[in-house]
Amino acid sequence: MKRAEVGEDFDWVVWRLEVQDPQRLAGEDADLDERTQETMTQLAASLGCVYEHCVDYDSYDSGTPCYAWWVRLPAAEHARCGTDGLPLVLGPIREYLDGQLPQGLTWEVTPDRELTVDHAASAALREAYADVIMPFEQALMPLRADGAAGLDPRAEVWKWEEQLLVGTFDLWLCNDPDRPHAWLVVSVGLWTEPQLFEEEPAAQLGHFDFTRTSHCCSCRARRGLQPSRPG
């Protein structure tokens, strides 16, 4: 387990709890996402945190299966650490997950800087574009189906340079009727200059578009693009 550096300017920090299973002790179809979702949601909430999602079908380039859970911690809990350098609030969560898995697996527990920044960007963009996003959501929310209401709309930064910030605001609508295990997602293209985290960011609305994303609750993988893996 290790603690990676994350800036102190975030209200929330996303942590990844990942376990490697080289001998496939959890079985070929562990189904950990569905099996742990309800308890993880309730447990995280009871600790003042937010359970994000689980990915239970990924693997390293070597073929080693790995399962990961993401939990969002408020800054105060992120800073309240034990002797191992990990937030104390993750203790009960690790204890629960240990009980769902075979013994002897290798864990890595670390902040996920990418999702931490994504969440901060999402919150900032929602505030900056509230006059556009709120009517957009109000019009489409009643049309959501197939469990899409359980997936929070979010902004994702795709390109971040010194003078340019480009991203999308995505709203999960329903299952894609033409593709199994895929969502139909409505995306709003947005761009802003680097005043994103300032009080009055310079901004301009991009365009509406429709796109599909693979059935990955991490919201990090679009069709054809896989979630980033540790090196």
Side-chain angles (χ1 to χ4, degrees), residues 1-19 33 36-37 40-41 43-45 47-55 58 66-82 84-94 97 107-129 133 150-162 164-172 187 190-199 201 203 213 216-222 225-231:
M1 294 183 290
K2 63 182 181 180
R3 179 184 178 89
E5 292 300 324
V6 173
E8 301 299 327
D9 295 331
F10 297 106
D11 293 333
W12 293 85
V13 178
V14 179
W15 278 76
R16 185 184 80 247
L17 299 91
E18 181 177 296
V19 64
D33 182 9
T36 62
Q37 181 177 10
M40 283 290 290
T41 300
L43 178 58
L47 297 168
C49 304
V50 178
Y51 172 59
E52 294 282 351
H53 59 274
C54 167
V55 173
D58 210 349
C66 56
Y67 324 114
W69 293 260
W70 282 261
V71 181
R72 182 156 36 98
L73 278 59
E77 292 296 346
H78 168 72
R80 196 169 65 91
C81 299
D84 58 2
L86 299 178
L88 294 172
V89 75
L90 292 179
I93 295 173
R94 263 293 311 275
L97 293 176
W107 281 92
E108 180 183 60
V109 182
T110 182
D112 189 315
R113 181 172 180 81
E114 181 181 348
L115 288 188
T116 297
V117 172
D118 279 355
H119 178 267
S122 178
L125 284 177
R126 285 188 66 92
E127 181 177 354
Y129 290 101
I133 290 174
L151 300 174
D152 292 334
R154 67 186 295 277
E156 183 167 5
V157 176
W158 290 97
K159 190 176 185 64
W160 199 330
E161 297 179 351
E162 183 177 354
L164 179 66
L165 181 65
V166 179
T168 55
F169 184 84
D170 303 320
L171 187 143
W172 278 249
S187 295
L190 303 170
W191 74 267
T192 180
E193 296 186 12
Q195 297 95 330
L196 176 64
F197 297 101
E198 295 182 3
E199 184 175 354
T213 184
C216 174
C217 290
S218 71
C219 309
R220 298 174 66 183
R222 294 186 177 276
L225 297 178
Q226 296 301 317
S228 59
R229 300 269 359 114

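Please read all numbers here as calculations on a predicted model, not as lab measurements. We count residues from 1, following the sequence as given.
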Taking all non-hydrogen atoms of both residues into account, name the closest pair between Thr116 and Val14 and its distance.
OG1-N, 2.9 Å
Roughly how far apart are Met40 CE and Leu97 CG, rounded to 0.5 Å?
4.5 Å
Heavy-atom closest pair (Val71 atom, Ala44 atom, distance to 0.1 Å) is CG1-CB, 4.3 Å
Evaluate the side-chain contact (heavy atoms from CB on, under 4.5 Å) criterion for residues Val117 and Phe10: first the C-alpha distance (whole Å), next the side-chain angles of each, then the deciding distance (0.1 Å), finally the verdict.
CA-CA 8 Å; Val117 172; Phe10 297 106; 3.7 Å; yes
In short, Trp69 meets Trp107 closest at the heavy-atom pair CZ3-CH2, 4.0 Å
Below 4.5 Å, heavy atoms only, C-beta onward: do Arg94 and Val109 meet side chain to side chain?
yes
Atom pair CG/CZ of Leu86 and Arg80 - distance to nearest 0.5 Å
13.0 Å
Classify the ring geometry between His119 and Trp12 as parallel (under 30°), tilted (30 to 60°) or perpendicular (over 60°).
perpendicular
To the nearest 0.5 Å, what is the distance between CD (Glu108) and CD (Glu18)?
6.0 Å
When rounded to the nearest 0.5 angstrom, what is the spacing between CG in Asp84 and CG in Leu90?
9.0 Å
From Leu73 CG over to Leu88 CG, what is the distance, rounded to the nearest 0.5 angstrom?
10.5 Å
Smallest heavy-atom separation, Val55 atom then His53 atom, equals CG2-CD2, 4.2 Å
Kindly give the heavy-atom pair with the smallest separation between Pro87 and Glu77, and that separation in Å.
CB-O, 3.4 Å
With sequence neighbours left out, the residues meeting side chain to side chain contact (heavy atoms under 4.5 Å, CB included) with Pro153 are Arg126, Glu137, Met141, Arg144, Phe169, Leu171
Looking only at heavy atoms, the pair that brings Cys49 and Pro74 closest together is SG-CD, 4.0 Å
When rounded to the nearest 0.5 Å, the distance separating CH2 of Trp15 from CG of Asp112 is 11.0 Å
